[in-house]
2 protein chains.
Amino acid sequence: MTTQSSLTRPRVTISEVAKAAGVSKATVSRYIGGDRQLLAEATAQRLEAVIQQLGYRPNQMARGLKRGQTRLIGMLVADILNPYSVAVIHGVETACRQHGYSLVLCNTNRDDEQERHHLQALQSYNVEGLIVNTLGHQPGELLDLHRRLPMVLVDRQLADLQVDLVGLDNTDAVEQALDHLQTQGYRDIIAIGEPLDGTSSRHERVQAFTASVQRRASVRGRVLSLDAHLPQTLEQCLANDDHGPQALLTFNGVATLAVTRALQVAGRGLGDDLGLIAIDELDWCSLVGPGITALAQPTERIGAAAFECLLERLRGSEAQPRRLDFKAQLIVRGSTPLPT
Amino acid sequence: MTTQSSLTRPRVTISEVAKAAGVSKATVSRYIGGDRQLLAEATAQRLEAVIQQLGYRPNQMARGLKRGQTRLIGMLVADILNPYSVAVIHGVETACRQHGYSLVLCNTNRDDEQERHHLQALQSYNVEGLIVNTLGHQPGELLDLHRRLPMVLVDRQLADLQVDLVGLDNTDAVEQALDHLQTQGYRDIIAIGEPLDGTSSRHERVQAFTASVQRRASVRGRVLSLDAHLPQTLEQCLANDDHGPQALLTFNGVATLAVTRALQVAGRGLGDDLGLIAIDELDWCSLVGPGITALAQPTERIGAAAFECLLERLRGSEAQPRRLDFKAQLIVRGSTPLPT
DNA sequence: CTGTTAGCGCTTTCAG
DNA sequence: CTGAAAGCGCTAACAG
């Protein structure tokens, strides 16, 4: 029986340790603060024993209050159910731990109201810095926060905000996609993404796509938005196949899922007369149909880079805001064979 | 230009607000503490304006230090890359926000060392309670913490620890799986899960499976562990098909992924001569082959329930530790047709 | 209705 | 090498 009960002792404090060890609070503080060398060997040993025995854990809140640093990093993600976000979180989390920081994670659920709410909460907990995957709808709050806190953006830029940004080299990714498709002989490319809502990465991918298609004389390209009518719209586009072999390019994991489902409903197989290449590698890319060709983002590295970027700022760097673009890695699978 | 700079003003404090508004700190404290009714209307209005204008945000750390409550909940997950965990996190997170709590999330990466580390960190940040998806390898730290903190376990029980547990009704889930498979005419069932490492839910599923098979005269069952040799072991088992139509039962998402990959490598299709039913619904269950029949866990509800359970404890409930078991929901797809 | 006063647990001068 | 004392930002009696 170990039921948690009202008998719960209040936490052991530094004073108790001090008393038990027969020293002053200051001495204990020095010990836990790592100034162990400045203590008499005997004292240090006694302290070690007492702390161990009492099960003392320094109260980070109190330390933070006094020293002005909490060793807490806040992270805001737009959608924790998106595998991309999770992978980035994982990268950030790992880097945090390695540097002695803890992560306070907030999920905005793609909701502006929640974004605002969480931003306030994070601030009130005195996080030392912020890693933000924002919606970008209302820069106000963010701009404001940025004046008080080091911050780095992930994947999504914010207009008017001069901040470090780490993400994918979207232009390159789209270029790789089109190169591959063209090489494979596809001439009619339909790109599909979530509706444009101001998210910079979506914009950039669409831009890059349009520009790149324009540069390719023999290729035709169109852009579709994910919505309730996707299956119909898609079918319509696919019917209009007077320009050569067709292929789909999905701009992220969400689009890939939606498109794959739509194709399934429509009863269209992958790879035979219709190519597909996806931005974002997913667990199941290799499993569905002949396998889906993907452009994998180095998500872990993106996460780690975001943290390191933040760390530099925390250490006082005043350098110009940087933009860290990572290259996507092409993984060729059966969904983009040479069309027959 | 909004570059964060060393000019960063220190945060606005309650004293500054007090001075600016010409009242005492106590009054400001009352205002932000919600005792707004106990203030003169005029004072309240002045305060509102000043706070707004100064951009004042109460320091939760300081409040926590004083009041002994931080409005922080700690959550420990074994593997954030597992979609099950993420879905539960989402449920917890939502519930937290609705009740004014923030979530500090820690991922142990299935590593004992990291579990210990994070547990200490969470404690040092004075989280009010803990939601734990533990490895269960070393109850020591956890047992210890449980004496100081309300805690609820998710999915995995811990021997010797009398704590609330919320998870899946494993017996029922396995029963549903076998019922379905048997109804469909399968007679030789191979169950596959991650290696038994003390994780209670894995144990329970294996136990339930063995017991349930025993009760079914006409059915034969075996259990396999995920490891490097899975493809071979599996092939071997499948060759031994003298007991009637065969089907696979995967015990969780990880197993489903591994098995699906192994089958693909082996060139075996789903549904024709080999059935498959999976515990855990995944994004791609409907997409691969004829679709994978799944037993979906109500993950969001599990997460929400975990938080609510914790909340009761936080409010002082001394009730006997409960076990909340949710039923899995069967989603029939093409991987379990009536065998030919 | 509002101000005064003491701390919460810890760190940090400043003296020994 | 160690202790005393002040104070981080806030709340909670207790007076008025």
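All of these numbers come straight from a predicted model, not from anything done at the bench.
Applying a 4.0 Å cut-off to non-hydrogen atoms, none of the residues of residues 46-57 of chain B approaches DNA chain C. For the segment residues 59-68 of chain B, the set of residues with a heavy atom within less than 4.0 Å of an atom of DNA chain D comprises B:N59, B:A62, B:R63, B:K66, B:R67, in numerical order.
As judged by a 4.0 angstrom heavy-atom cut-off over every strand, A:V23 is placed among residues touching the sugar-phosphate backbone only. Note on B:A26: a base of the nucleic acid sits closer than 4.0 angstrom, heavy atoms only.
Evaluation of the salt bridge (Lys or Arg N to Asp or Glu O under 4.0 Å) rule for B:E48 yields B:R36 as partners, not counting sequence neighbours. Qualifying side-chain contact (heavy atoms from CB on, under 4.5 Å) partners for B:L54, counting only residues two or more places apart in sequence or in other chains: B:V12, B:V17, B:A20, B:V50. The side-chain contact (heavy atoms from CB on, under 4.5 Å) test applied to B:Q120 returns A:R57, B:E141, not counting sequence neighbours. Listed by chain and number, the residues in a side chain to side chain donor-acceptor pair (under 3.5 Å) with B:R116 are B:E113, B:Q138 (sequence neighbours excluded). The side chain to side chain donor-acceptor pair (under 3.5 Å) search around A:E300 returns A:H90, not counting sequence neighbours.
In the helix from C:dC1-D:dG16 to C:dG16-D:dC1, the terminal helix axes, each the rotation mapping four pairs' C1' atoms onto the next four within five end pairs, subtend 40°, rounded to 10°.
When atom types are taken as modelled, the side chain of B:R67 and the backbone of B:A62 share no donor-acceptor pair closer than 3.5 angstrom. In this structure, B:S200 contributes its side chain and B:Q157 its backbone to a donor-acceptor pair below 3.5 Å. No donor-acceptor distance shorter than 3.5 angstrom exists from the side chain of A:E128 to the backbone of A:L314, with no hydrogens or angles considered. No donor-acceptor pair closer than 3.5 Å links the side chain of B:T199 to the backbone N or O of B:S201. Using a distance-only test at 3.5 Å, with no hydrogens or angles considered, no donor-acceptor pair links the side chain of A:D164 to the main chain of A:P321.
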Would you list the protein and nucleotides 14-16 of chain D atom pairs, both N or O, that sit under 3.5 Å from each other?
none

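Counting only residues at least two apart or on different chains, no side-chain hydrogen bond (donor to acceptor under 3.5 Å, both in side chains) pair has a member in residues 68-78 of chain B.
A salt bridge is defined here as a Lys NZ or Arg NE, NH1 or NH2 lying under 4.0 Å from an Asp or Glu carboxylate O, and B:E16 with B:R11 fails to meet this definition. In this structure, B:R46 does not pair ionically with B:E41, as no charged nitrogen and carboxylate oxygen lie closer than 4.0 Å.
Note that the first and last nucleotides of DNA chain C, 5' to 3', having any atom under 4.0 angstrom from a heavy atom of chain B are C:dC1 to C:dG9.
Look at A:T27 and you won't find any side-chain N or O under 4.0 angstrom from OP1 or OP2 of D:dC1.
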Please set out all donor-acceptor pairs under 3.5 angstrom arising from side-chain atoms of residues 75-86 of chain B, sequence neighbours excluded.
residue, atom, partner, partner atom, Å
B:D79, OD1, B:L81, N, 2.9
B:D79, OD2, B:R110, NE, 3.3
B:N82, OD1, B:Y84, N, 2.8
B:S85, OG, B:D79, O, 3.1

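Between A:E312 and A:R322 the shortest side-chain heavy-atom distance falls below 4.5 Å.
A:K25 places its NZ atom 11 Å from the C1' atom of D:dG3, with the value rounded to the nearest Å.
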